[in-house]
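This report refers to the structure that appears directly beneath it.
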Number of protein chains: 2
Amino acid sequence: MVGRPRDERARNVILRRAADIASQDGLEGLSIGRLATDLGLSKSGLFGFFGSKEELQLATIRAAMGVYVNEVVQPALTVPPGLGRVRRLCENWLSYSQRRVFPGGCFFFAVTAEFDARPGRVRDAIAAAGLDWAAFVARAIDDARQLGELADDTDADQLAFELIAFLEAANVTSLLHDDANAYERARTAIRKRLDTAMTGP
Amino acid sequence: MVGRPRDERARNVILRRAADIASQDGLEGLSIGRLATDLGLSKSGLFGFFGSKEELQLATIRAAMGVYVNEVVQPALTVPPGLGRVRRLCENWLSYSQRRVFPGGCFFFAVTAEFDARPGRVRDAIAAAGLDWAAFVARAIDDARQLGELADDTDADQLAFELIAFLEAANVTSLLHDDANAYERARTAIRKRLDTAMTGP
DNA sequence: CCTACCGATCGGTAGG
DNA sequence: CCTACCGATCGGTAGG
């Protein structure tokens, strides 16, 4: 099912716009007609790329995952494993949210809140992405622990939960109140929490 | 503009159902026709109660605020000011989320993520409720500080930000992954964070 | 990839 | 508070 290069480029343009819209108005607020008009395509032409609204939603999630990996995950892998990589992951995330890579803030925050109470393939795809991300953060934390940079008894899953909580709280607070201070709040919280984790509970 | 008692009772029933729907499908997913069918009313009859969809959305937010105050805020006021009240507020919140007082988890989490990137009166009402809540938590924290139960230099707004981050992370994690452990994660995080705040940074 | 169309549903209104 | 209706928009399809 791989199209010609030209089709793939078109798909990428479509899906990047779709992710922008969904970050603001949700994956249900993303309508095929509106997306087609935005891009200067016919509705049925755009529809033909995906075959159903659900497939468009799933493809949009995959495209947003690509952006997320490029913005948050990959640049952290240039830092060697350890506490530095954990800090870099958090900073990359805050920067990705603050720079409004997606105009509605973190794409995954928006669509998670939208689908967390609606069963289906879209929710399942969002949940899988969330588990992957939490496991990746926990792995980076556990690497730091094994390297002796965090206390031996550090619970990586617990610490990942707390750091991710700070990141998401900064995202939603800055969006809702146009308050960039929320990012400094999160940075302060993360710094202090990692300091505590260095010496143990 | 106060209706007869009978009208007020009907309004309460309508708005409680509206809040349930919105917690799962959002305030845009809440359609007048669906709400009317659910309640056995005609669409135009229900429409007449509110006059516009936006007014229905605003009334639904006010109704959800009443539930929230009853479930989370009021029972914490039976505890004297201090650290005990702060802990009680957090526990009330986790219980309110975990018991699914609204079937889609915390009503305000759902609608905040939905409207945080859309200007308008609905967003403004949600933002005002969020500020009130954060200020209330910060006030409870500062009471505890003034009573000597938290370190003198405790930053109440910062600590409120962190505690609320844990609460909301538990809500969304439990919903997305059907994982009740998230509430224990939040309880652990809150307990440790308050312990740290007792002795100072 | 387009035009033209389908039935369903949306918010909202007329008229009683 | 109801029935009946309005134009707009939804996801999706027919036909080319």
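Order of the sequence lines fixes the chain letters, A, B, ..., with proteins taken first and strands second; residue numbering starts at 1 for each chain.
Sorted by residue number, the members of residues 44-51 of chain A with any non-hydrogen atom under 4.0 Å from DNA chain C read S44(A), G45(A), F49(A). For residues 14-22 of chain A, proximity to DNA chain D is found at no residue, defined as any non-hydrogen atom under 4.0 angstrom from a strand atom.
Ion pairing of E55(B) with R121(B) is present here, as a side-chain N (NZ or NE/NH1/NH2) and a carboxylate O approach within less than 4.0 Å. Salt bridge present: R187(A) and E91(A) bring a charged side-chain N and a carboxylate O closer than 4.0 Å. Look at D153(B) and R145(B) and you find no salt bridge, because none of the NZ, NE, NH1 or NH2 atoms lies under 4.0 Å from a carboxylate O. Salt-bridge check for D155(B) with K192(A): failed, with every basic side-chain N at 4.0 Å or more from each acidic carboxylate O. Using a 4.0 Å cut-off between a side-chain N of Lys or Arg and a carboxylate O of Asp or Glu, D38(B) and R17(B) qualify as a salt bridge.
Residues R88(A) and N92(A) have side chains that bring a donor and an acceptor to within less than 3.5 angstrom of each other. The closest side-chain donor-acceptor pair between Q146(A) and D142(A) falls under 3.5 angstrom. Using modelled atom types and a 3.5 Å distance limit, the side chains of T173(A) and Y183(A) yield no donor-acceptor pair. Under the 3.5 Å distance criterion, with hydrogens and angles disregarded, a donor-acceptor pair is assigned to the side chains of S174(B) and R100(B). Donor-acceptor pairing under 3.5 Å is lacking for the side chains of N181(A) and R185(A).
Stem regions annotated for DNA chain C: C:1-16 with D:1-16, counting only runs of 3 or more consecutive pairs of Watson-Crick or G-U type with both contacts under 3.5 Å.
Among F109(B), Y68(B), F161(B), F107(B), the one residue that satisfies the ring pair (Phe, Tyr, Trp, His ring centres under 6.0 Å) test with W133(B) is Y68(B).
Partners of R139(B) under the side-chain contact (heavy atoms from CB on, under 4.5 Å) rule, at least two apart in sequence or in another chain, are D143(B). With sequence neighbours excluded, the residues satisfying side-chain contact (heavy atoms from CB on, under 4.5 Å) with Q24(B) are A117(A), P103(B).
Distances from the side chain of S42(A) to the nucleotides dT3(C), dT3(D), dG12(D) place dT3(C) closest.
The distance between atom CG of L39(B) and atom C1' of dC1(D), rounded to the nearest whole Å, is 14 Å.
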Report task. Can you check each nucleotide of nucleotides 5-10 of chain D against protein heavy atoms at under 4.0 Å and return B for base, S for sugar-phosphate only, - for none, in 5' to 3' order? Result -> -----S

